[in-house]
Amino acid sequence: MLEKTYDPAEIEPRLYESWEESGAFKAGRNKDGEPFTIVIPPPNVTGSLHMGHALNNTLQDILCRFERMRGRDVLWQPGTDHAGIATQMVVERQLAQSGQNTGRRELGREEFVRRVWAWKEVSGGTITRQLRRLGASCDWSRERFTMDEGLSAAVRRVFVTLYRQGLLYKDKRLVNWDPHFLTAISDLEVESREVKGQMWHIRYPVEGGDESIVVATTRPETMLGDTGVAVHPDDERYTHLVGKHVILPLTGRRIPIVADSYSDPEKGTGAVKITPAHDFNDFEVGKRNNLEQISVLDIHARIIDADFIPKAYRGLDRFEARKRIVEDLEAQGFLVEVKDHVLMQPFGDRSGVVIEPMLTDQWYVDAITLAKPAIEAVRKGDTVFVPKNWDKTYFEWMNNIQPWCVSRQLWWGHQIPAWYGPDGHVFVEETEEEASTAAAAHYGAETALTRDEDVLDTWFSSALWPFSTLGWPEQTETLKRHYKTDVLVTGFDIIFFWVARMMMMGLHFMDEVPFHTVYIHALVRDEKGQKMSKSKGNVIDPLDLIEKFGADALRFTLAAMAAQGRDIKLSTQRVEGYRNFATKLWNAARFAEMNECRVPPDFAPASATHTINRWILGEAERVTAATVEALEAYRFNEAAGGVYQFVWGTFCDWYLELIKPLLNGEDETLKAETRATTAHVLDRILVLLHPFMPFITEELWHKMAEGAGIARASDLVLAPWPVVDAALADADADAEVRWVIDLVTEVRALRAEANVPAGAKLDLVLVGADATVRDRAERHQDLIGRLARLAGIGFADTAPKGSVQIVVAGTTAALALGDVIDLTAERKRLEKEIAKADQELAKIDGKLANPAFVAKAPPEVIEEQQERREATAKARAKLSDALARLVASL
RNA sequence: GGGCGCGUAGCUCAGUGGGAGAGCACUACGUUGACAUCGUAGGGGUCGCUGGUUCAAUCCCAGCCGCGCCCA
């Protein structure tokens, strides 16, 4: 016997363990099945589960469980990401907090990396444990880590291959430099924010004469590295100065005035200072005009110690230097004016400090070349985005892609497989031995090499994830069988970081797209629509919700809210509501159990005879088909909503109520059929709900069988998904039950509006009922009586005196209210109903009277309108009859 | 400046070229041996505004207003 209440906290962990032990999630278990493959977006190894993960993995799990039941050989490939900068940050912070005053540099690279690994060992299990708690049916036996042996080998192979193909190279260019972490970062890791600053107008004297030119800048301190002044070629104010030189204040350096269309005559003074080594635009201007590139900042963004820089500024922090330089310019009369100015300033997304464009040697991937096939693949539809619109975002980025800076001056990550000889010659090889061999060949003798200190951008290894996790560069069976994968489920925030790069790498190395579908889901926000963040303190921890309401409730909530194209504003109330849904299901199962419902081995739904049973069997097929259709289209919310409505609104609210008289009746054959049907439909519900609510459904799957003394062929997780049997739909049964439901609903509404005490049983008379109605009423009078609280159902040609009338499907039903009738209320009700019908009629008549409508609308629409008009008119006539009679009796 | 998206019940949100929906909240009443984490019923909306297309627009198109996000 099922416990009175459902306790997810007890059930969920136990069931997960048993699934994992039985190998239910293992790929290859079902060798005959067509493969279905999803690679998990690898969470940071030292992270913990947040709401975005919960959504992301719930959706993947729904698909995996659905396809597994449908007979596919499912591989949900799990794993974690080493998350270079993020993880290094955490460990550095720990070092700082340990109070031992040892930073990573004091520790040394080897020891520091050892400590990061140690931290990974300690905390690395957290997120995978939490994914299990959520119910994620990953094949954990295949769990990977971006820095494990195999994946590291893949990284080296890709690096070396791209290098040899000329698609990866070392270059001295401006990069986004993070002066806090002392590393280069990619464009994507830079956040531009609007900042209130100033615009300084500085006068640069023109060489040989009294003239001067005023430049406007937001970064006066970089003037130490100015190597030119640019004016627009068409700007007549300055034409005569082009080709001349200015003498840079404070340093006295002599720099040229050049014409370049980069300067905007409308902005500032129309003249700009050019600092090629510290500004991306200036870098380009400098290249076009052959200007020198002079770096004036060190890696900490302090003014360097160099001869050409006045002593007073050497070693100053950039902001301090700005202050001093502005003061000095003012003192010496070079500062013309200072204006408040709002500018876009780049910040490191992790460090939060102002990013400095710096001229450094870095490794770059030729993304422009790699992007071409990746763009084409989406254009051709080899990979489709769902919702479709996201392909625009993808194209936008890919069409404007820049060389990808992949080197990082960090310690935690894949060290770049490049070695340098004494003369700086570079050897790019997969191993140190190969590099040594190459060096020996190059120099004609054994030569000591030093390895490149840098590591690769974390996303470099993530980009290989769909094939590296399957065994590449080895040509494994798994790789052959499961690449390309099926669908990638992810948030839009990493389309650039990850999706685009997987597309490029997948196409380049596997010659095939990594997935046929990219399902982009929403962002989970708090109930006010704010992005959840630690600093705002509005983070809802999915594990708290799981603890409180169960993983099933959280999963169902996320699925039900995962409508395409809109963010999810999560409220606890909603989760609570779906917890109640789980309880409802539990209680429905208890009811079935109490009534000894079970599916006999030879049960054939098609042979069911009773209308109620035939009706629910047809409905069950319909909801099954709808669920499949919705899931195949990634409409999670529709799938969830449809099943919810069926379980609560159809099965519990009506079917279970309708069969109570049958189960308590005398007809044993009918009872047996009804029990079988109930159990059959309940089983169906468990199957349909399993992808969404795996725990409670699995529990009931077993508990119901136990109670009935039957054995299940398998756990629900591996049970076969039903093939829809459309032949079970029975239009007559549908119409009949619909009629019963309408009648009961109408009578209930009437009772409530007429303030009939809940306990009072009334007589119902069907007026002028035809054979069909009479037949239906007689057949179902017990249950109609029960649900509508009737003493009995009779038939008559006219409504009994003093009765109140309603119209159900064209037939007048009279309720003898006797003393309990509230005549005024009843009159009001009838008038309201009539008014509603009149409004409706006016609307339809308006349409039908319109010749254009009759001429142009499709025949079926016209017919439908005519039918509606007739039905409404009939009902209105009966209502007004009833009203007339009522008024007469007053 | 470029791009994407959103404005539907008090709140959170579905949805559709032809009869406005759900959950929560609210109100009233609770009875029938699954369920008070429940049941029954009810109130509540010119579907942001203005035009256009159409026989017909909440839905398609344009403009406007308000809001959000991404990129520069």
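Naming: A, B, ... by sequence-line order, numbering from 1 per chain.
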- Message: Please determine whether the number of non-hydrogen atoms from other residues, nucleotides or ligands lying under 6.0 Å from atom NZ of A/K874 exceeds 12.
- Response: no
- Query: What does B/C6 pair with, Watson-Crick or G-U, if both distances are under 3.5 Å?
  - Reply: B/G66
- Item | Minimum-distance nucleotide to A/R789 side chain [options: B/U40, B/U32, B/C24] | B/U32
- Message: Rounded to whole Å, how long is the line connecting atom CZ of A/R786 with atom P of B/A34?
- Response: 8 Å
- Message: Applying the ring-ring contact (aromatic ring centres under 6.0 Å, His included) criterion to A/F496, which one of A/W404, A/W397, A/W459 satisfies it?
- Response: A/W397
- If you look at every strand shown and take non-hydrogen atoms under 4.0 Å, does A/P851 touch a base, only sugar-phosphate, or nothing? nothing
- Between A/W586 and A/Y6, is the ring centre distance below 6.0 Å? yes
- Query: If you look at every strand shown and take non-hydrogen atoms under 4.0 Å, does A/A855 touch a base, only sugar-phosphate, or nothing?
  - Reply: nothing
- Examine the base of B/A34 for any acceptor or donor lying under 3.5 Å from a partner atom in the side chain of A/E657, and report the outcome as yes or no. yes
- Taking atom P of B/A14 as reference, at what distance in whole Å does atom CZ of A/F636 sit? 15 Å
- Note on the structure: Checking N1-N3 plus N6-O4 or O6-N4 for Watson-Crick, or N1-O2 and O6-N3 for wobble, each under 3.5 Å, the partner of B/A72 is none
- Taking the P atom of each, how far is B/G45 from B/G10, in whole Å? 7 Å
- Note on the structure: Here the pair of heavy atoms bringing A/F695 nearest to A/E12 is CE2-O, 3.2 Å
- Residue whose nearest RNA chain B nucleotide is more 5′ - A/F591 or A/F496: A/F591
- Hey, is the side chain of A/R748 pairing donor to acceptor with the base of B/U40 inside 3.5 Å? no
- Side chain of A/A749: nearest nucleotide among B/U37, B/G42, B/C24? B/G42
- Answer yes when A/R622 and A/E619 have at least one side-chain N-carboxylate O distance shorter than 4.0 Å, and no when they do not. yes
- Among B/C69, B/G15, B/U37, which nucleotide sits nearest the side chain of A/N637? B/G15
- C1' atoms of B/A22 and B/G17, separation to the nearest Å: 23 Å
- Take atom CD of A/E576 and atom P of B/U37, then tell me their distance rounded to the nearest Å. 10 Å
- Task: Look at the side chain of A/N587 and decide which nucleotide, out of B/C35, B/G15, B/A41, has an atom nearest to it.
- Result: B/C35
- Message: If the threshold is 4.0 Å, N to carboxylate O, is there a salt bridge linking A/K878 and A/E833?
- Response: no
- Query: Which whole-number value in Å describes the distance from A/F581 CZ to B/A22 C1'?
  - Reply: 13 Å
- Message: What's the closest nucleotide to the side chain of A/A758 if the choices are B/U37, B/A25, B/U31?
- Response: B/U31
- Among B/G39, B/G18, B/U12, which is the nearest nucleotide to the side chain of A/A857? B/G18
- Using a 4.0 Å heavy-atom cut-off across all strands, classify A/E396 as base, sugar-phosphate, or nothing. nothing
- Task: Please state the C1' separation for the pair B/C26 and B/G44 - nearest whole angstrom.
- Result: 9 Å
- Under a 3.5 Å limit for both distances, which nucleotide forms a Watson-Crick or G-U wobble pair with B/C13, could you say? B/G21
- If the P atom of B/G42 is compared with that of B/G21, how far apart are they to the nearest Å? 13 Å
- Query: With rounding to whole Å, what would you report as the distance between B/A25 and B/A20 at their P atoms?
  - Reply: 27 Å
- Query: OP1 or OP2 of B/A34 sitting under 4.0 Å from any side-chain N/O of A/K660?
  - Reply: yes
- Given B/G39, is OP1 or OP2 found less than 4.0 Å from the side-chain N or O atoms of A/W648? yes
- Task: Using the C1' atom on both, measure B/G1 against B/U58 and round to a whole Å.
- Result: 33 Å
- Closest to the side chain of A/N389, out of B/G5, B/U37, B/G18, is B/G5
- Is B/A41 paired to anything, Watson-Crick or G-U wobble with both distances less than 3.5 Å, and if yes, which nucleotide? B/U27
- Query: Using a cut-off of less than 4.0 Å, is there contact between a side-chain N or O of A/N580 and OP1 or OP2 of B/C38?
  - Reply: yes
- Message: Please tell me if A/K4 has a side-chain N or O lying less than 4.0 Å from either OP1 or OP2 of B/C35.
- Response: yes
- Let me know the distance between CG of A/N595 and C1' of B/G33, rounded to the nearest Å. 10 Å
- Query: Whole Å only: how far is the CD1 atom of A/I696 from the P atom of B/C35?
  - Reply: 16 Å
- Using a heavy-atom cut-off of under 4.0 Å over every strand shown, decide if A/Q865 touches base, sugar-phosphate, or nothing. sugar-phosphate
- Message: Measuring to OP1 and OP2 of B/A20, would you say a side-chain N or O of A/K843 lies under 4.0 angstrom away?
- Response: yes
- Item | Between C1' of B/U37 and OH of A/Y644, the distance in whole Å | 11 Å
- Under a 3.5 Å limit for both distances, which nucleotide forms a Watson-Crick or G-U wobble pair with B/U46, could you say? none
- Query: If you measure from the C1' atom in B/A14 to the same atom in B/U27, how many Å do you get, rounded?
  - Reply: 25 Å
- Query: Taking OP1 and OP2 of B/C70, is either one under 4.0 Å from a side-chain nitrogen or oxygen of A/K392?
  - Reply: no
- Task: Using the P atom as the reference point in each nucleotide, state the distance between B/C59 and B/U53 in Å, no decimals.
- Result: 15 Å
- Nucleotide forming a Watson-Crick or wobble pair with B/C60, both distances under 3.5 Å: B/G52
- Query: Relative to the 5' end of RNA chain B, which residue comes earlier, A/K847 or A/R574, by the nucleotide with the nearest heavy atom?
  - Reply: A/R574
- Taking C-beta and beyond as the side chain, do A/Y644 and A/Y578 meet within less than 4.5 Å on heavy atoms? yes
- Euclidean distance, atom OH of residue A/Y578 to atom P of B/G23 [Å, nearest integer]: 9 Å
- Query: Is there a donor-acceptor pair under 3.5 Å between the side chain of A/R598 and the backbone N or O of A/A676?
  - Reply: no
- Please report the shortest heavy-atom distance between A/L841 and A/A873, naming the atom on each side. CD2-N, 4.0 Å
